[in-house]
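Just follow the structure's listing: the first ligand is 1, and inside any ligand the first atom is 1. As a basis for the values below, the full set of heavy atoms in this structure was taken, side chains included, without hydrogen atoms, waters or symmetry mates. As the structure is a prediction and not an experimental result, all values here were calculated from the model.
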Amino acid sequence: MEIKMKTYLCTGCAGFIGTSFVHYLLKKHDDIRIVNLDALTYAGNLENLKDIEGDERHIFVHGNICDEELVRKLIREYDPDYIINFAAESHVDRSIANPEIFVNTNVLGTVNLLQRAKEAWLDGREWKKGKKYIQVSTDEVYGALGPDGFFTETTPVNPHSPYSSSKASADHFVKAFHDTYGMPINITRCSNNYGMWQFPEKLIPLMINNAKNHKSLPVYGDGMQVRDWLFVEDHCKAVDMVAEGGKDGEVYNVGGHNERPNIFIVKTIIGQLSERLNDPEINEGLIKHVEDRLGHDRRYGIDPSKIKADLGWYPETTFEVGIVKTIDWYLENQEWMDRVTSGEYQKYYEEMYRNRK
Ligand code: NAD
Ligand code: TYD
């Protein structure tokens with residue numbers, strides 16, 4: 001009997017976490033195929049996938065998750081076992097400035113994927129065997145915590161920012177497709193990720209880049225907001241385990257109990273960089289407390305007991321090790337950073353894409 005190669009339709013995998021996920025899967029499995037659908041917004045970067053160019057297991061498709069015809073065609077052509085949706089507008093500050101695009105991609109894009117999957121996978125009342133939709137969501141849908149307690153999967157969804165509201169809305173649609181039509185789904189809700197390939201609008205790469213260049217380090221408000229940091233590869237491991245073993249219809253929180261106030265992160269980066277580069281100009285004098293983000297969530301903290309107990313997931317990289325690896329990567333990939341911050345990367349991947357066609 002012929003055994004079909006497992007096929008993943010993964011969206012948004014030219015971005016930070018998706019890039020890492022594609023690398024993770026290709027390292028782990030020989031006999032898979034990943035169709036990577038990405039619109040290449042400012043946050044998507046084909047340069048991230050340059051090292052796997054020519055690997056036939058990875059098929060890049062330039063396109064939008066809101067495109068009905070394209071998504072229908074991809075599902076028909078590749079018959080994926082899993083659809084894993086990473087694609088999103090992901091930056092809270094941008095969502096405060098321009099919420100509409102967050103509704104388009106995060107809500108309407110998700111609904112389009114669900115609709116096209118239902119169209120292909122539901123026959124009468126029977127769902128095709130072995131198919132599953134996985135939504136990569138965020139702990140931010142739960143809102144903010146006080147000084148104590150953690151988010152569990154039963155914490156009520158209570159988002160505050162336009163970003164987290166759009167992600168929460170998408171989660172509700174995913175659950176609705178499960179509850180209404182019986183679609184096989186999982187939702188993962190992970191805490192803040194850090195690691196290589198993260199666009200330098202997010203706290204850690206922004207601070208690394210600014211400190212290295214002796215630019216000021218903008219800390220919002222008092223800097224005592226707490227985020228629960230997870231090394232990106234540990235998140236990828238969790239998504240893979242949920243795809244393979246997650247119980248139908250379940251939500252899984254993902255986090256490594258690594259809660260740190262923002263100011264601690266910034267000071268850690270300053271300490272590491274000044275020592276490694278032997279540069280006394282990288283010091284805490286660069287810190288500049290600026291006006292706080294509107295509606296800024298004070299604290300996030302994940303209780304990961306369920307994914308640990310049910311699937312045996314655990315984080316492998318401590319913050320102390322992960323932050324050093326991350327800083328090393330940005331120091332070794334200065335050209336990537338320069339291209340990304342100058343907008344050069346847009347030209348770079350357009351050129352690469354043109355050459356490929
Ligand atoms: P990112 O912004 O780095 O990457 C997003 C990717 O999606 C980019 O490659 C972009 O080109 C693509 N994209 C955007 N709009 C698209 C569209 N309409 N159609 C197709 N592709 C589109 O984001 P990230 O940090 O890698 O986050 C990935 C997912 O993980 C998101 O769903 C995010 O909500 C979730 N998440 C992120 C974090 C985090 O700390 N970064 C934590 C938990 C969950
Ligand atoms: P960010 O990386 O944008 O992730 P999120 O908002 O999804 O948690 O921000 C992490 C924390 O760092 C958040 O509390 C906001 C804060 N922050 C700053 O203080 N200064 C900055 O320049 C940025 C980008 C973030």
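Inclusion of K202 in the set of residues having an N or O under 3.5 Å from an N or O of ligand 2 is not warranted. Close N/O approach between K202 and ligand 1 is not found [any backbone or side-chain N/O within under 3.5 Å]. For N262, a nitrogen or oxygen atom sits less than 3.5 Å from a nitrogen or oxygen atom of ligand 2, counting backbone and side chain alike. Considering both main-chain and side-chain atoms, E140 comes within under 3.5 Å of ligand 2 through a nitrogen or oxygen pair. Of the N or O atoms in Y220, one or more lie within a sub-3.5 Å distance of an N or O in ligand 2. Polar contact with ligand 1: absent for S191 (N/O pair, distance under 3.5 Å). Remark: ligand 2 and N192 share an N or O pair separated by less than 3.5 Å (distance only, no angle test). For ligand 2, the polar-atom distance check finds an N/O of P218 within less than 3.5 Å of one of the ligand's N/O atoms. Checking only distances, M207 never comes within under 3.5 Å of ligand 2, N or O to N or O. Annotation: D93 places no N or O atom under 3.5 Å from an N or O atom of ligand 2; distance criterion only.
In V92, the part holding a heavy atom less than 4.0 Å from any atom of ligand 2 is the side chain. Under 4.0 angstrom from ligand 1, the non-hydrogen atoms of K167 all belong to its side chain. Contact annotation: for N45 versus ligand 1, there are no heavy atoms closer than 4.0 Å.
In this structure, atom 6 (C) of ligand 1 lies nearest to the protein heavy atom G12 O, 3.6 Å. From the protein, the heavy atom lying nearest to atom 8 (C) of ligand 1 is D38 OD2, 3.6 Å. In this structure, the protein non-hydrogen atom closest to atom 34 (O) of ligand 1 is Y163 OH, 2.6 Å. Nearest to atom 29 (C) of ligand 1 among the protein's heavy atoms is F86 O, 3.1 Å. What sits closest to atom 24 (C) of ligand 2 on the protein, heavy atoms only, is E201 O, 3.2 Å. Looking at atom 2 (O) of ligand 1, its nearest protein heavy atom turns out to be S90 OG, 2.6 Å. Looking only at heavy atoms of the protein, atom 3 (O) of ligand 1 is closest to F16 N, 3.1 Å. Closest to atom 14 (O) of ligand 2, if we only count protein heavy atoms, is H296 NE2, 2.7 Å.
Considering only non-hydrogen atoms, atom 30 (O) of ligand 1 lies nearest to V136 out of V136, T105, L46, T110. Taking all heavy atoms of G109, A170, A88 into account, the minimum distance to atom 14 (C) of ligand 1 is reached by A88. Compare L113, L203, I17 by their heavy atoms: the one nearest to atom 39 (C) of ligand 1 is in I17.
Both the sub-6.0 Å distance and the 45° axial angle are not jointly satisfied by K325 relative to the ring of Y194. Because its NZ or CZ atom is not both nearer than 6.0 Å to the ring centre of Y24 and within 45° of the ring axis, K237 does not count as a cation-pi partner of that residue.
When each of T110, N85, N64 is tested with T11 by the rule side chain to side chain donor-acceptor pair (under 3.5 Å), just one qualifies, namely N85.
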